[in-house]
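Naming: A, B, ... by sequence-line order, numbering from 1 per chain. Owing to the predicted nature of the structure, the values given are computational and were not obtained by experimental measurement. All values below were derived from every heavy atom in this structure, side-chain atoms included, with hydrogens, water molecules and symmetry-related copies excluded.
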Amino acid sequence: MQPAVEFQHISKRFGAVQANRDVSFSIAEGSIHGVIGENGAGKSTLMSILYGYYRADSGKLLINGQQHDIRNSHEAIDLGIGMVHQHFMLVENMTVLDNVMLGSEGGFRLQKNRKQLEQQLRDICQRYSLDVDPLDKIEDLSVGVQQRVEILKQIYRSANILILDEPTAVLTVQETASLFAVLRLFKEQGKTIILITHKLQEILDITDEVTVMRAGTVVGSVQTANTNKEQLAELMVGRPIETHLPRAPYAPGETVLDVKGLNLINAQQVSLLKDLNFNIRAGEIVAIAGVSGNGQSELLEVLSGMHLPSSGTVSMQGKPLPFAGRKDADGLPATFRELGIAHVPEDRLRDGVVKNFSVMMNSFLGYQKKLGKAFGLLDYKTILKTCNELLSKFDVRPADPHLRIALLSGGNQQKVVMAREMASSPKLMLVGQPTRGVDIGTIESLHARLLAMRDAGVAILLVSVELEEVRALADRILVMSGGCITGELKVEEFDATRIGLLMGGLHKH
Amino acid sequence: MNQADLPRWATAFALPLLNLLSALLVAAGVIYLLGESPLESLGILLNAAVFNPEGMGYTLFYATTFIFTGLSVSIAMQAGLFNIGSEGQMYLGGLGLTLVLLAFDASLPTWLLIPLAIAGSAIFGAAWAFLPGYLQAKRGSHVVVTTIMFNFIAASLMNYIIVSFLIPAGEQNTASRVFADSAWLPKLNGILPILGETPLNISFIMALLALLIYGIAVWRTTWGYQLRATGLNQHAAHYAGISISKTIIIAMMISGALAGLASVNSVMGSTHYLGLNFPAGAGFIGIAVALMGRQHPIGILLSSILFGALIQGGFDLSLEKPNIPTETFIFIQGLIILFCGAMENLYAPAISALLKRKEK
Amino acid sequence: MMFDDFQFSSILVSTIRNAPVLMFAAMAGLFAERSGVVDLALEGKMLAAAFVSAAVAYATQNPWFGILAGVGISAAIALLQGFVSITQKGNQLVAGIALNIALSGLTFVLAQFFFMQGGRTPDLGSARLFDIVLPGSDAVAGIPFLGWFYTKLIGGHSALVYLAFALIPLVHWILYHTRFGLRLRAVGENPHAADAAGINVERTRFMAMLCAGVLCSFSGAYLSIVQSGFFLRDMSAGNGYLALTALVFGNWRPLQTALGCLMFGFFAALQVQIEGVVFPGLGKVPGSLIQMIPYVVTVVVLAGLMAKSVAPKAIGVPFVKSR
Amino acid sequence: ADPKFAVIYDAGGKFDKSFNQSASEGAERFKKETKIGFMEVQVASDTQTEQVLRNLARKKVDLIASIGFAQAQAVQNVAKEFPATKFVLIDGVAKGDNVSSVLFKEQEGSYLVGVAAAIASKSKKVGFIGGMDIPLIRNFSCGYVQGVKATDAKVEIVQNMVGTTTSAWNDPAKGGELARAQFERGVDVIFAAAGGSGMGTLQAVKEKGKLAIGVDSNQNYMYPGSMLTSMVKRVDQVIYDSFMQMKNGNWKAGVAYKGLKEGGVDWALDKDNRSVVSADMEKRVNAAKQDIISGKVKVVDFRDANKCPV
Ligand SMILES: Nc1ncnc2c1ncn2[C@@H]1O[C@H](COP(=O)(O)OP(=O)(O)OP(=O)(O)O)[C@@H](O)[C@H]1O
Ligand SMILES: Nc1ncnc2c1ncn2[C@@H]1O[C@H](COP(=O)(O)OP(=O)(O)OP(=O)(O)O)[C@@H](O)[C@H]1O
Ligand SMILES: [Mg+2]
Ligand SMILES: [Mg+2]
């Protein structure tokens with residue numbers, strides 16, 4: 001049978017970076033084809049070429065056996081190609097309906113088409129069991145639902161070749177399951193699906209064939225049935241991956257953080273955090289598990305000083321954190337850092353880095369006050385030295401301190417942020433989604449470092465939607481739902497079903 | 001194809017030069033249409049603004065004002081704020097120094113009087129920028145809009161103050177009285193007699209100093225780092241513990257102070273009285289200077305001199321060539337800003353292709 | 001003069017006459033800015049259109065040809081602005097300010113070159129746009145209130161005034177109920193999303209600039225061939241910036257923006273009326289302080305009521321397919 | 001050799017249809033009659049004025065005419081440096097043995113047009129539109145008010161200024177709008193002393209069939225039939241005379257005040273406004289003129305005490 005997509009000797013370079021080098025492989029029609037590889041291996045670039053977003057420097061692209069020169073996404077769409085991007089491509093202040101309509105409005109006047117489409121969307125949602133209201137605004141929706149909107153768009157446009165770039169990075173287990181259900185339906189309908197993910201289990205669960213990329217080249221394509229996680233991981237990283245990391249026995253020290261009666265009510269009078277009570281002791285990792293959007297982000301923001309709570313006290317080593325008497329949190333995170341609280345923010349692009357600064361300038365973001373010498377002059381010599389050390393220690397690629405950080409791949413940006421926060425030798429470390437969008441090799445090393453910190457006596461609060469990650473790192477697990485802590489368990493008692501129920505809000509106090 | 005592919009000499013010199021030439025080419029076309037020889041005109045212009053020492057003195061005199069307004073706009077831009085209000089801040093700065101001088105020019109010695117007046121200009125400029133800064137920081141009111149409004153308000157207020165209080169009795173001119181000699185800034189022609197009768201004065205040195213301090217403060221200090229972080233990503237700045245509202249308000253006040261200092265050159269260095277509408281658009285030229293100079297000290301210096309030369313040379317040219325009205329140079333200024341400030345990559349593809357061919 | 005001299009009816013009529021200059025320009029800005037291109041060059045386009053309209057209307061002795069020519073030149077400038085800020089991905093603020101400066105100079109130079117009247121065009125005389133007298137005006141003129149309402153408030157303006165007011169619902173409809181409007185908003189909010197949906201971002205922005213150019217030209221034509229009857233250097237007198245303010249004030253929405261324009265028009269009219277009025281307790285407020293009123297009100301309103309105006313997200317950012 | 005001449009216009013520019021233009025007309029007349037040319041230039045700021053003055057003095061120009069009070073200080077400075085060069089300054093006073101300062105008694109001419117306005121007004125409301133709120137313009141308005149009140153104390157005067165920045169002289173739209181607003185308030189005669197903005201006023205007046213009074217140069221020709229008169233300020237004559245004296249070698253320095261008596265200001269009556277000026281009006285205005293010349297009526301100069309008596 002003719003392959004749906006065939007890449008022939010595709011190469012693409014950005015400045016000094018060769019993102020794709022002589023990439024050739026093909027994707028069978030009606031199959032689900034996985035693409036995996038380390039951060040920066042060139043997966044997104046390759047798919048962007050297929051979708052007409054970038055143009056290859058050289059090489060050929062065959063769609064259904066025909067050579068095509070896809071110059072823009074419009075032409076890709078015309079060829080029946082659809083893509084769900086790593087970062088959602090939605091217009092936030094528009095409704096779901098308008099987003100789906102955008103680009104295929106079917107006429108100059110919208111009114112009539114809007115009515116028709118609304119009905120059509122409701123039908124599609126029913127058929128594929130997608131719970132989306134076409135009239136909701138995107139900005140009011142959780143990431144999971146936004147993901148569904150992206151899928152909805154593709155169904156509506158009846159894309160025959162569907163590219164999904166890390167669609168599950170921000171999804172919960174349940175959401176992933178329902179996405180996969182839809183993908184299987186697609187496959188039954190004869191559609192071709194390309195799935196990029198860093199989660200090998202997903203590759204094994206759903207794909208027919210998988211292509212592994214490394215440093216811009218294809219290192220191999222294998223039938224999923226004939227492989228396993230270990231083999232794939234080794235192909236990807238070029239060495240075996242340690243899945244069970246060693247850790248010292250659980251021996252927590254004194255209480256570092258003590259949260260009592262913490263409440264947060266937002267401007268719309270919605271209660272985001274409800275009467276939270278917990279503590280973290282030195283040398284333990286407490287993980288907060290939960291579906292994203294249930295208060296974890298707000299909790300991290302309060303504990304890092306980025307947001308004021310409405311009521312309650314938080315004590316750090318017995319002393320209350322200085323929330324009292326403030327009108328806003330402007331500048332407060334600096335005080336918190338001085339108290340020894342480090343913070344790896346969930347949304348690294350928004351909060352964690354200044355995109356237009358170089359890696360070096362980002363390597364001390366938040367700690368700039370410490371570096372000022374006489375007259376507040378910055379000591380670039382020391383900064384550069386420290387930065388280079390961090391880059392090599394955390395294996396950031398490329399290890400160029402003067403590169404604009406926006407040009408690093410997501411995983412490498414995350415390494416820079418982690419490196420910076422860990423280097424501040426904190427007493428309490430707040431970590432949000434540390435491995436979102438990060439390849440398994442990097443996950444391994446980041447996990448190892450977090451565990452080493454724990455062993456060195458740092459108190460760590462981990463927020464993660466990945467149950468695997470929670471299990472691998474946590475000593476104690478708190479489950480959050482609807483702004484409440486709905487349950488607590490030790491890692492030895494780990495039970496995915498029970499946690500799932502607690503995350504669903506079925507709590508018993 | 002972008003700038004990143006090009007060597008530094010190309011982006012720093014070749015491209016701006018080509019753009020400048022393009023702008024001048026268009027200008028030459030217009031001068032030709034007006035019935036004059038472009039080459040001859042260029043000769044007159046260059047002679048009047050650059051080669052003739054006195055002309056150069058005037059060029060630098062005008063440039064001095066633009067350096068300050070250019071710095072004023074630049075520092076706000078570093079914090080992500082587009083301060084269109086330098087004109088009004090400069091106007092108020094003039095009031096600040098005038099009040100000091102009117103009160104003390106008879107009593108205080110020069111060495112105390114001049115610094116005090118300079119401080120007055122900075123303080124008034126900063127004060128006039130405070131409210132837009134405060135409203136932006138605390139109320140989210142667009143600084144672009146509020147500063148435009150504050151320009152209008154400043155014009156009205158100054159009109160009222162000058163006409164109602166500052167005009168000496170029986171005088172026609174809408175201006176304050178002339179300050180005592182002790183308040184006149186020392187001119188540089190004392191040291192460099194070649195400059196002739198130009199009003200170029202020590203505030204030029206002050207401007208160079210300001211450029212240096214600006215460069216160090218923005219790129220070499222913690223404060224500058226925080227300022228730039230705030231300008232580039234407010235979320236990250238907040239995360240980094242930087243107080244956004246404090247940074248914004250201080251940046252605006254420094255911006256206003258710099259604009260206020262621009263009045264020192266015009267008022268204490270040249271006219272020696274506060275006249276109606278004395279800034280004469282220098283605040284707006286500051287925007288052009290900041291944008292064209294990419295908020296970089298050297299860029300600001302060079303573009304200030306360019307604009308100073310255009311004003312000085314253009315003025316002489318239109319005196320010699322009645323067919324070329326002074327307004328032609330307003331047009332040319334616009335062209336230069338357009339080509340050098342907004343189309344910096346116009347020739348990047350061509351140069352890049354040229355270099356590639358050479359490599360092969 | 002007494003306080004009772006203060007005539008509300010006259011303020012309203014004056015408001016309606018004042019507002020169109022701002023309304024055309026603000027709607028022009030709305031198209032450009034909703035598509036993600038900051039339009040600081042409203043002032044320049046206005047001046048260019050004012051000059052060309054007046055010059056052509058004078059040369060042909062026909063105001064409509066003048067308006068047409070104004071549309072042409074303003075659209076051409078808008079496309080140049082587009083070339084700089086969309087194709088060349090240049091700094092949009094710089095492009096706007098540069099065009100304003102250049103056109104302020106060029107219109108003078110050309111006007112001087114052609115007419116030799118110090119950058120002024122000759123009086124248009126009968127080539128000005130006439131005021132429309134609504135049918136039946138004579139009949140109702142004598143009736144109290146209704147007469148005033150029909151002949152002065154809604155009647156007796158030039159065609160451009162009616163066009164300005166007709167634009168409000170029209171722009172609203174285009175923006176929210178047509179394909180072009182949907183794409184325009186998407187491109188200004190998230191060009192990457194629009195691009196991924198197969199929309200040509202640059203083309204959409206160019207279309208928006210074209211609309212901006214056309215609309216802005218009416219503002220200039222209104223100045224020169226309706227309000228003044230000739231072109232004079234720098235006659236836009238800051239109205240382009242005021243229109244932008246109205247746009248920010250109106251949160252980049254057509255109805256609210258038009259309201260902002262009317263508000264400015266109203267305060268300008270009010271300011272004229274209260275000049276010289278003796279206020280109880282205050283006495284006569286000096287004219288130069290009264291001139292501040294519209295601007296002070298804007299600041300107060302921005303600071304108070306409408307503190308949070310939300311600009312289109314991608315405004316000012318050239319679309320580059322890269323990180 | 002012939003002496004060399006130059007004219008420096010202020011920010012309003014040569015074609016302001018006002019006093020700069022008037023100056024240029026005087027110089028042109030001189031040029032036509034004597035075939036002696038002159039240089040001319042317009043300045044944008046006070047610093048530039050000094051620069052140009054010095055520049056011209058170095059070029060050995062014999063007589064420089066500086067138009068506008070804003071040049072006073074610069075003239076004074078440069079005159080000291082170049083005692084051989086002569087200067088004539090319009091609307092301002094500068095010290096120096098080589099400076100002739102010419103001031104106009106605008107209040108007297110304005111008084112006359114005030115008289116005419118009061119007679120012409122049917123609604124008993126007249127208007128004044130000034131460019132900017134500065135003493136010079138207030139002097140126009142003050143003389144005007146005195147004339148109106150002296151003729152008919154019941155006539156009301158509505159006054160407006162166009163703006164507070166230099167664009168106030170270049171905003172015909174606002175000038176027209178102010179006129180229309182004044183009509184709404186019942187005004188039917190408007191005196192516009194607002195440079196280019198005044199063009200908008202005259203235009204609006206023409207449209208609504210009311211009466212307007214021009215300023216500085218005789219503007220009656222612009223809208224015959226709707227121009228009641230113009231308050232002319234003979235800057236042209238002063239320039240012409242000054243150039244002539246220079247040529248003939250009888251030029252003198254000093255301060256001169258030019259009022260009705262000296263022919264410095266006047267009201268304009270010509271074929272363009274003949275039809276709107278009644279015989280009675282002509283008689284009464286001329287009577288007022290005689291009274292002022294003879295000293296029977298004294299028109300207060302606003303600038304004496306920065307105060308207007310009415
Ligand atoms: N627009 C660009 N400009 C410069 N470099 C780029 C650009 N896009 C990608 N790169 C570089 O190309 C390489 C491949 O990036 P790509 O995004 O394809 O990786 P990826 O495999 O998708 O990584 P990840 O798993 O982190 O998503 C990286 O080194 C990246 O830094
Ligand atoms: N190693 C260094 N030694 C000394 N000064 C340095 C060093 N690195 C950077 N700087 C200073 O810091 C400035 C900003 O550095 P940064 O890496 O943030 O560049 P950037 O933000 O990308 O600046 P630009 O916008 O100019 O590209 C540099 O222009 C330089 O003045
Ligand atoms: Mg990727
Ligand atoms: Mg990734």
Heavy-atom pairs under 4.5 Å with chain A are the metric here; pick the option from B/Thr221, B/Ile242, B/Thr247 that has the most.
-> B/Thr221
Pairs of heavy atoms under 4.5 Å with chain B: top-ranked of A/Asp328, A/Leu371, A/Val353, A/Leu365 | A/Leu365
Measure B/Gln226 against the heavy atoms of chain A and call it side chain, backbone, both or neither at under 4.5 Å.
-> side chain
Over-ring placement of A/Lys12 relative to A/Phe14, 6.0 Å and 45° cut-offs = yes
A/Arg337 portion near chain B, given a 4.5 angstrom heavy-atom threshold | side chain
Between A/Phe323 and A/Phe336, does the ring centroid distance fall short of 6.0 Å?
-> yes
Without hydrogens or angle criteria, can the side chains of B/Gln78 and B/Arg228 be said to hold a donor-acceptor pair below 3.5 Å?
-> no
Looking only at heavy atoms, what is the nearest atom pair of A/Gly305 and A/Leu332, with distance?
-> O-CB, 3.4 Å
